[in-house]
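Heads up: the structure comes next, in structure tokens.
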Amino acid sequence: MIPAGLFRGVVSGARRIPMTSKRGSKDFYKGRGAKSAGRHTSKGSYVIERHKIPELVVPNLEGFKLKPYVSYKTPYVVGKPLTAQELLDVTRPTEEPVAQGGS
């Protein structure tokens, strides 16, 4: 007779194997976790919804002097770590104060 703990370990070990399309039935489709870009209509067509498409914001790099490559010969510079407030002060543009009240 097989001890219950050993039998339980063998059976539960089978569940830890990743589920793939080869291990599932003929209707199993796992996919890759991609998000949908639209929806299916009742007439069978597919409508792309613009708010679901990611929008990439790329800055204008015209006249930018730096190159995308950093050489391995570049000296390593160690500086004082920035605090959260210092980082915000450096990256946030200075805003003019908004006038309170009417007219």
Flag if over 12 foreign heavy atoms under 6.0 Å of CD1, Ile48: no

All pairs passing ring-ring contact (aromatic ring centres under 6.0 Å, His included) where residues 47-75 contributes a residue, at least two apart: none

Any Glu55 side-chain heavy atom under 4.5 Å of Ile53 side chain: no

Least distance between heavy atoms, Val57 atom then Pro59 atom: O-CD, 4.0 Å

Heavy-atom pair of closest approach, residues Ser71 and Thr74: O-OG1, 2.8 Å

Between CG on residue Asp89 and OG1 on residue Thr83, distance to nearest 0.5 Å: 7.5 Å

Nearest non-hydrogen partners of Leu82 and Glu86, listed with the distance: CA-OE1, 3.4 Å

Backbone N/O of Met19 and side chain of Lys30: donor-acceptor pair under 3.5 Å: yes

Minimum heavy-atom distance Lys52-Ser36, with the two atoms named: NZ-OG, 3.4 Å

Which residues share a ring-ring contact (aromatic ring centres under 6.0 Å, His included) with Tyr46, sequence neighbours left out: His40

